[in-house]
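Starting from 1, each residue takes its place in the sequence as its number. Indexing begins at 1, ligand by ligand and atom by atom, following the structure's order. Model, not experiment: these values are computed from the prediction.
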Amino acid sequence: MSTTELKEAIRKMAREKNAVIMAHYYVDGHVQDIADFIGDSLALAQQAAKTDADIIVLCGVHFMGETAAILCPDKKVLVPDSSATCSLAESCPADEFAKFVAQHPGHTVISYVNTTAATKAVTDIVVTSSNARQIVESLPKDTPIIFGPDQNLGNYINAITGRQMVLWNGACHVHARFSVEKILALKAEYPNAKVLVHPECKGTVVKLADNVGSTAGLLKFAIEDEATEFIVATESGILHEMQKKAPQKTFIPAPPDEALVETPEEKRSCACNECEYMKLVTLEKVYRCLRDEQPVVTVDSEIAAKAIKPIERMLELSK
Ligand code: 13P
Ligand code: SF4
């Protein structure tokens with residue numbers, strides 16, 4: 001099948017099966033093109049919570065599928081590739097996080113949405129990069145808080161809110177490796193370009209930003225701001241939607257520090273600001289998963305019963 005035929009076949013099947021296709025901004029552009037809904041982590045969770053489709057195809061990484069499955073226990077949630085994990089979620093195993101929580105009695109536990117369901121089960125409130133500030137600030141100033149797993153996001157929220165949250169030492173390998181020197185070199189080449197930075201990046205990169213935000217926040221800024229050139233320090237999949245929404249503007253992906261690029265595949269591809277887990281989601285896999293209605297995301301019922309509370313608290317606080 002050609003790409004166009006594949007896209008048409010997926011859309012036809014989605015209609016026939018009353019399936020909704022949701023995609024994160026980091027997946028392949030072709031997959032974004034066939035989605036009913038594209039969004040950041042918060043928007044995907046909000047959308048899943050209110051859909052009336054029978055099937056949700058979550059084109060993203062596994063924790064996103066889990067969040068949808070927890071919110072919609074009566075629906076079939078499919079992910080095109082169940083091996084699409086997340087280095088940040090993996091950096092926070094639930095049993096170790098539970099021990100960390102136990103070492104800090106009396107703390108409110110805030111977890112970034114990029115966690116497994118089991119880690120969410122030992123959490124009081126889930127946040128995303130869109131609402132982390134708002135949710136932290138909704139708590140009284142003297143509330144002791146544990147924040148995990150992203151240390152860069154935690155440091156950023158501490159800096160802008162004046163809190164001193166206790167941080168888990170986790171990171172996203174894609175965001176942690178942007179190079180300050182290379183961004184500065186790009187700024188010299190494009191003096192009018194504004195720098196857009198996701199808060200999962202290191203503090204030294206955040207300092208260079210004209211705008212810090214979630215993927216949806218950066219996209220909004222890029223569309224609305226008067227600048228016409230942007231250096232983008234987040235996973236490069238977002239450039240697809242930026243270019244689509246603002247075709248007259250120029251978007252330059254910020255390069256990583258090559259010394260921090262680890263695998264031979266990444267070294268060969270030079271597409272080092274890509275998340276290899278997000279890029280596992282291809283059109284072919286979306287087609288197969290919708291046709292075969294698998295892999296289905298399942299979450300242990302005891303874990304789901306605990307994990308839904310901090311997710312619902314987040315949705316409530318984000319209204
Ligand atoms: P947001 O889309 O919520 O900004 O999340 C970024 C991310 O790393 C998702 O894996
Ligand atoms: Fe996880 Fe980073 Fe990939 Fe997002 S970009 S899914 S945080 S590894």
Do [X] and [Y] meet the criterion of a side-chain donor-acceptor pair at a distance under 3.5 Å?
{"X": "Asn131", "Y": "Ser318", "answer": "yes"}
{"X": "Ser111", "Y": "Thr123", "answer": "yes"}
{"X": "His240", "Y": "Asp33", "answer": "yes"}

Short N/O distance, under 3.5 Å, between [X] and ligand 1?
{"X": "Ser214", "result": "no"}
{"X": "His198", "result": "yes"}
{"X": "His175", "result": "no"}
{"X": "Thr128", "result": "no"}

* **Test side chain to side chain contact (heavy atoms under 4.5 Å, CB included) applied to Glu200 and Val205, Thr234, Asn114, the passing residue** => Asn114
Record the part of [X] in heavy-atom contact with ligand 1 below 4.0 Å; permitted values are side chain, backbone, both and neither.
{"X": "Tyr25", "answer": "neither"}
{"X": "Glu235", "answer": "neither"}
{"X": "Leu88", "answer": "neither"}

Residue, atom name and distance, where the atom is the protein heavy atom closest to [atom]:
{"atom": "atom 8 (O) of ligand 1", "answer": "Glu200 OE2, 3.0 Å"}
{"atom": "atom 10 (O) of ligand 1", "answer": "Asn114 ND2, 3.3 Å"}
{"atom": "atom 3 (O) of ligand 1", "answer": "Ser41 OG, 2.8 Å"}
{"atom": "atom 8 (S) of ligand 2", "answer": "Ser87 OG, 3.3 Å"}

Heavy-atom contacts with [X] under 4.0 Å: which atoms of ligand 2 show up? List them by number with element.
{"X": "Met278", "result": "6 (S)"}
{"X": "Val61", "result": "6 (S)"}
{"X": "Glu200", "result": "7 (S)"}
{"X": "Cys275", "result": "3 (Fe), 5 (S), 6 (S), 8 (S)"}

* If we only count heavy atoms from C-beta on, is the Asn211 to Leu218 side-chain gap below 4.5 Å? -> yes
* Going through the checks in order, is the salt bridge (Lys or Arg N to Asp or Glu O under 4.0 Å) test met by Glu137 and Arg163? -> CA-CA 9 Å; Glu137 286 185 332; Arg163 306 274 171 142; over 6 Å; no
* Would you confirm whether Lys182, through its side chain, and Ala254, through its main-chain N or O, come within 3.5 Å as a donor-acceptor pair? => no
* Over 60° means perpendicular and under 30° means parallel, so classify the ring planes of His198 and His175, tilted if in between. => tilted
* Asked: Can you tell me if His173 has an N, O or S atom under 2.8 Å away from atom 3 (Fe) of ligand 2?
  -> no
* **Output field: ring centroids Tyr277/His173 closer than 6.0 Å** => yes
* Are Phe147 and Trp168 near enough that their ring centres are under 6.0 Å apart? -> no
* Asked: Does Cys172 bring an N, O or S atom to within less than 2.8 Å of atom 2 (Fe) of ligand 2?
  -> yes
* Atoms of ligand 1 close to Tyr26 [distance to a heavy atom under 4.0 angstrom, numbered from 1] -> 6 (C), 7 (C), 8 (O), 9 (C)
* By salt bridge (Lys or Arg N to Asp or Glu O under 4.0 Å), which residues pair with Glu8, not counting sequence neighbours? -> none
